[in-house]
Amino acid sequence: MLCSTKTRLQNQSVMALGNANTSAQSRGKNKSVIVKRRKEVVLAKGYNSFASSTVQASNACRFGGSLSETFYHNGSRTLPAANDVVYSTRRANPRGVLEAGHYKIVIGGRNYNMEVGSSGVVSAVNGCR
């Protein structure tokens with residue numbers, strides 16, 4: 001009788017542990033992480049994409065390589081403008097902002113030099129001659 005009581009208590013404590021995890025999940029403990037991720041995706045939904053070079057130290061108009069990179073910006077126009085934020089992915093994620101420097105971009109068959117400052121913010125876009 002003593003042995004069966006001990007076994008019953010052990011089974012109840014195992015069930016209690018399993019129930020604690022289930023109730024934590026049912027209370028939505030991980031919900032804030034899901035909501036945050038969803039907001040990042042939704043915020044970046046209407047981003048414009050463009051072809052670009054890799055980062056250059058100075059004016060990128062002289063860059064002769066292929067424009068194999070695709071980047072995205074949060075501006076309302078096709079061409080990035082001052083104060084737009086430029087990302088390497090479609091998500092509005094601080095880890096995906098471009099590093100500071102100059103980029104050669106092509107929009108509508110025209111070449112431009114895009115200067116990006118800290119935090120991926122565009123400081124200037126000038127046409128190449």
- Hey, could you give me each pair passing disulfide bond (SG atoms under 2.5 Å apart) that has a residue in residues 50-129? Not counting sequence neighbours. C61-C128
- Query: Taking C-beta and beyond as the side chain, do V121 and N83 meet within less than 4.5 Å on heavy atoms?
  - Reply: yes
- Do V122 and M114 touch side chain to side chain, with heavy atoms closer than 4.5 Å? yes
- Say whether V106 and L79 are linked into one hydrophobic cluster, either directly or through other cluster members, by side-chain heavy-atom distances under 4.5 angstrom. no
- Message: Could you tell me if the side chain of K104 sits less than 4.5 Å from the side chain of N111, heavy atoms only?
- Response: yes
- Taking only residues two or more places apart in sequence or in another chain, which ones pass side chain to side chain donor-acceptor pair (under 3.5 Å) with N113? H102
- Check against side-chain contact (heavy atoms from CB on, under 4.5 Å), V97 and V85: CA-CA 7 Å; V97 297; V85 180; 4.0 Å; yes
- Would you check if I107 and T78 make a side-chain contact, meaning some heavy-atom pair closer than 4.5 Å? yes
- Item | Student check: side-chain heavy atoms of S52 and T70 closer than 4.5 Å | no
- Please round to the nearest 0.5 Å and tell me the distance separating atom CZ of R90 and atom CG of N74. 13.5 Å
- Interatomic spacing from OG in S53 to CZ in R62 - rounded to 0.5 Å: 12.5 Å
- Non-hydrogen side-chain atoms of V125 and E115 separated by less than 4.5 Å: no
- Task: Begin from the C-alpha positions of S123 and V116 and carry the test side-chain contact (heavy atoms from CB on, under 4.5 Å) through to its verdict.
- Result: CA-CA 6 Å; S123 53; V116 177; over 6 Å; no
- Note on the structure: Heavy-atom closest pair (Q56 atom, T54 atom, distance to 0.1 Å) is NE2-O, 3.2 Å
- Query: What pairs meet the ring-ring contact (aromatic ring centres under 6.0 Å, His included) rule with one or both residues in residues 63-96, with sequence neighbours excluded?
  - Reply: Y47-Y87, F50-H73, F71-Y103
- Note on the structure: In terms of heavy-atom contacts, P80 and I105 come closest through CD-CD1, 3.9 Å
